[in-house]
Amino acid sequence: MTTLRLSEMKSRGEKIAMLTSYDYSMAKIVDRAGVDVILVGDSAANVMAGYETTLPITLDMMIYHAASVVRAVERALVVVDMPFGTYQGNSKVALDSAIRIMKETGADAIKLEGGEEILESVERILSAGIPIMGHLGLTPQSIHKFGTYNVRAKEEAEAKKLVRDARLLEKAGCFACVLEKIPADLATRVSRELKMPTIGIGAGSGCDGQVLVIHDMMGINKDFSPRFLRRYADLHTVMTEAVEQYISDVKNVDFPNAQEQY
Ligand code: KIV
């Protein structure tokens, strides 16, 4: 999978399927199942490390997750989130961080949250030949500015800014853009106007692709139930029952049996 192929998929009207992964074993399953893009999201801060927000995850932690994912992947395009604090301030720091991700993980691209306010970093990273996926709408790294995880860009002024930011990211050369938790009509309008593919999460079916956090769609994490989430499995129950059965087997000296020992 390449960024060019994603753009061809959009031209053909073929939808793009993207999922997150953070480790080797999960990425292997996701890749072999045929997903187009694997995002090593900074949602790793939540689902892997147990932080409340995505802000605490570090560049070293993201590199660890991304390198593990890349070792598993044979087909999908691997995109890595740049963590909070590595690109918002200084474009030289942004470029250095992006280069570290590409060099130390072998990933294909990076993702940054924001529009006009991070444009200098976007341009500097792109000029080094590193492909960028944008991320507009609900940008979780700005949670302390928003104050909530509610739907964004419902008001006209914010919707206008989002359209402007999307145009700027496309003009700068981003190859795709995540649209998170915005009204479906707005996401459809932006997706129709842009040449670069849009990948929606809580942004309706008019986007060129969709992304979900793997722990959420697999039902591993039961505490998070936004309206946009469809659960494709109930791994929380499957795993709990398996662990309970194992405990019971150990306590009852049912495991290991004669065939399970040497
Ligand atoms: O970090 C993440 O998983 C993301 C997706 C929700 C788009 O940014």
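The structure displayed is predicted, hence computed values, not measured ones. Counting starts at 1 for both ligands and their atoms, following the listed order.
- Within a 6.0 Å radius of NZ in Lys222, other residues, nucleotides and ligands contribute more than 12 heavy atoms.
- Residue contacts with ligand 1 include His135, since one or more of its heavy atoms lies under 4.0 Å from the ligand.
- Counting the atoms of ligand 1 from 1 in the order shown, those under 4.0 Å from a heavy atom of Asp81 are 1 (O), 2 (C), 8 (O).
- Scanning all protein heavy atoms for the shortest distance to atom 7 (C) of ligand 1 gives Leu39 CD2, 3.8 Å.
- Listed by atom number, the atoms of ligand 1 under 4.0 Å from Gly41 heavy atoms are 1 (O), 2 (C), 3 (O).
- Ligand 1 places these atoms under 4.0 Å from at least one heavy atom of Asp42: 1 (O).
- Listed by atom number, the atoms of ligand 1 under 4.0 Å from Lys111 heavy atoms are 4 (C), 8 (O).
- When all heavy atoms of Val35 and Ala76 are compared, the pair lying nearest together is O-CB, 3.6 Å.
- Two rings, from Tyr22 and His215, have their centers less than 6.0 Å apart.
- Ion pairing between a basic and an acidic side chain is recognised when a charged N comes within 4.0 Å of a carboxylate O; Asp96 and Lys103 show no such pairing.
- Ligand 1 places these atoms under 4.0 Å from at least one heavy atom of Thr20: 3 (O).
- Residue, atom and distance of the protein heavy atom nearest to atom 6 (C) of ligand 1 are Ile201 CD1, 3.7 Å.
- Taking a 6.0 Å sphere around CD of Glu155, one finds it holds 12 or fewer heavy atoms contributed by other residues, nucleotides or ligands.
- Note on Ile220: it clusters hydrophobically with Tyr51, by side-chain heavy-atom contacts below 4.5 Å among ILVMFWY residues.
- Listed by number with element, the atoms of ligand 1 under 4.0 Å from a non-hydrogen atom of Ser43 are 1 (O), 2 (C), 3 (O).
- Between Glu158 and Arg152, at least one side-chain N (NZ, or NE/NH1/NH2) sits under 4.0 Å from a carboxylate O, which counts as a salt bridge.
- Environment of CG in Asp185: sparse, with no more than 12 heavy atoms of neighbouring residues, nucleotides or ligands closer than 6.0 Å.
- Neither the backbone nor the side chain of Thr54 has a heavy atom within less than 4.0 Å of ligand 1.
- If you number the atoms of ligand 1 from 1 as listed, the ones under 4.0 Å from a heavy atom of Val213 come out as 3 (O).
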